[in-house]
Number of protein chains: 4
Amino acid sequence: MNIVVLYGGTRDGGNTELLTETVIGDLSVNRIFLKDYQMNHIIDQRHDKKGFDNVEDDYDSVVSKMIDADVLIFATPIYWYGMSSVMKTFIDRWSQTARDDKFPNFKETMANKHVYLTAVGGDEPRIKGLPLVQQFKYICEFMNLNFIDYILGNGVKPLDVLKDEKSIEYAKAINKSLMNRG
Amino acid sequence: MNIVVLYGGTRDGGNTELLTETVIGDLSVNRIFLKDYQMNHIIDQRHDKKGFDNVEDDYDSVVSKMIDADVLIFATPIYWYGMSSVMKTFIDRWSQTARDDKFPNFKETMANKHVYLTAVGGDEPRIKGLPLVQQFKYICEFMNLNFIDYILGNGVKPLDVLKDEKSIEYAKAINKSLMNRG
Amino acid sequence: MNIVVLYGGTRDGGNTELLTETVIGDLSVNRIFLKDYQMNHIIDQRHDKKGFDNVEDDYDSVVSKMIDADVLIFATPIYWYGMSSVMKTFIDRWSQTARDDKFPNFKETMANKHVYLTAVGGDEPRIKGLPLVQQFKYICEFMNLNFIDYILGNGVKPLDVLKDEKSIEYAKAINKSLMNRG
Amino acid sequence: MNIVVLYGGTRDGGNTELLTETVIGDLSVNRIFLKDYQMNHIIDQRHDKKGFDNVEDDYDSVVSKMIDADVLIFATPIYWYGMSSVMKTFIDRWSQTARDDKFPNFKETMANKHVYLTAVGGDEPRIKGLPLVQQFKYICEFMNLNFIDYILGNGVKPLDVLKDEKSIEYAKAINKSLMNRG
């Protein structure tokens, strides 16, 4: 089982990372820190006769790893009640990939992967993180991804989320179910 | 009344622009096309002793114009059931501005501005755009902005939204209320 | 085209009714005021060997009219950020109807009807009415109903909604689209 | 600490009850099974000169117990992506209580109680139960109730929810936090 973790945070060792590593536990995973890759915003050329121009950046290498995964964990701090701009920049580019000959059948290659969302915020994340969850649900439906579950953890200062015992317990329970799936 | 329109699209003359220009009508506004400005992703240094590093890009000039506005219209195509990464990159940086001596009392200077959201998407926008609306509500609550109204228009191909007569009528009604406010 | 309006209000001539009658205009419709019918709460006997007991009340006569419709307009005041208990009592009983020999193939007979939701509330209905819209979307998806559109009008005191010009304009635009469908 | 559990189900020993009893554990609580009380739908007489007519049913006895509580657990099966009609009938009546001399300062007496929501459904409850959570958030905000947390458990057939290990773990964690508050 190839698990790829897509980290959207911009700080090392942040609360989202701590919560997500509880989900991961002893599982072998491939961690991708999106902030370490140079990625351009999408330029919408869907309606141009020539289609999308080729883009020279690190995006393709990341999307290739994502395609190879069986399980995807999207891990993002909650910034302004949504995913980080770093993560959104990555996802917006999928619209180009869906029309990119370098990734034939992109949508088909993504279908049925298992998806988890882990997100930590400081302002009532269990409520104000819900639009983010609903957005991910729609993303997964469009891509025929299987959105298994999510955790909305609470934390502002470094290490805070470790005090959110309910989310930590839930993270452990997800870890257990992933271990059993093996 | 100073109206600033923040365009988050990456294509000129797109459906979001057409719908938003119906809201604008004959009003005098200041249009900002975010894609024309170079802006970096936020780097979360809230918990660094030295605070945020200064960033050399076009962000400050845009945020200055936003601060001067009485009315803000956030106009974004719906990409992956959310605002565009271009717009999210701009908004995420507000967290830095709130701690930036160049913008003292950022939150206070933003308070009570009237906010509108116009967004166009092709996949059931009146339903699947709702998480975006809810996210904007939370953003406005946090900043004490006054979220007046929103339109979720329908369109995929160029000019499509003009056929969404209900949204166009609603856009005209918003225009009328803005004209009366004068 | 058989249009059935299901009114969930408990006051005659309320704001929801005014807004909905703007949607109706000169169309010929069948109005059902749910408050005028005696309906029991569902008793969940899905897992009883004998199934559901027969219930003696007015429910069957209403559901029969609903089944005959091509277009359904659910019109409810927003009570506590949801539909009225009168309307919810009616809808909850559908679970019994789905297992009732008197209504064979209930789900199939409901499929593809066009559904509209009109709802009026006094506490930020365009935002705080959104969970109600999302609930209706899920209801429609489950029943294969075609959820065409909704209006969330603003009003507390009698006649208030008539001052919500944007919603009235939107209601007229829905009326126009229904007239054209004719 | 006076904990009152308001059960909205219509079947004894259902999944919602099993999950909620895991939250309760060894705590001493006051269980109210709403289905065992006769309650009328609200009749909206807010705008009548004489106000609300007195209603002869079991509602007052239940609302009195609710007022005496420090902690409220609303436990409902997810029927049609919302709370049961039995529970909605109870809550809708609060609008009358707020204007009822028998319950002076109703809103003040409710303020700051801690609220939990437990709900079980069979159709993607962790996603499709979210409008119910958002509705409860708005209810709590209006009443100045403190909405602490919620669980959306998975189950259709009797006993199913016990297999939803993640929700059971979360229920235990809530129990632990309630025990510590003791």
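A note on names: the letters A, B, ... follow the listed sequences, proteins ahead of strands, and every chain is numbered from 1. This is a predicted model, so every value here is computed, not measured.
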Sub-4.5 Å side-chain heavy-atom contact between A/Tyr79 and B/Ile91: no
Please say whether more than 12 non-hydrogen atoms of neighbouring residues, nucleotides or ligands are located less than 6.0 Å from NZ in B/Lys157. no
Considering residues, nucleotides and ligands other than A/Glu56, do more than 12 of their heavy atoms fall under 6.0 Å from its CD? no
Interchain contact, A/Glu141 with chain B, by part (heavy-atom threshold 4.5 Å): side chain
Turns out that what part of A/His41 lies under 4.5 Å from chain B's heavy atoms comes down to both
Enter the distance from A/His47:NE2 to B/Leu159:CG here, rounded to the nearest 0.5 Å. 10.5 Å
Max heavy-atom pair count under 4.5 Å with chain A, selected residue of [options]:
options: B/Asp48, B/Val133, B/Val86; answer: B/Val86
options: B/Lys88, B/Met143, B/Arg46; answer: B/Lys88
options: B/Gly82, B/Pro77, B/Gly129; answer: B/Gly82

From A/Ile127, A/Asp123, A/Ile78, residue fulfilling side-chain contact (heavy atoms from CB on, under 4.5 Å) relative to B/Tyr138: A/Ile127
Tell me, for B/Ile42 versus chain A, whether the close heavy atoms (under 4.5 Å) come from the side chain, the backbone, both or neither. both
Are A/Trp80 and B/Phe142 near enough that their ring centres are under 6.0 Å apart? yes
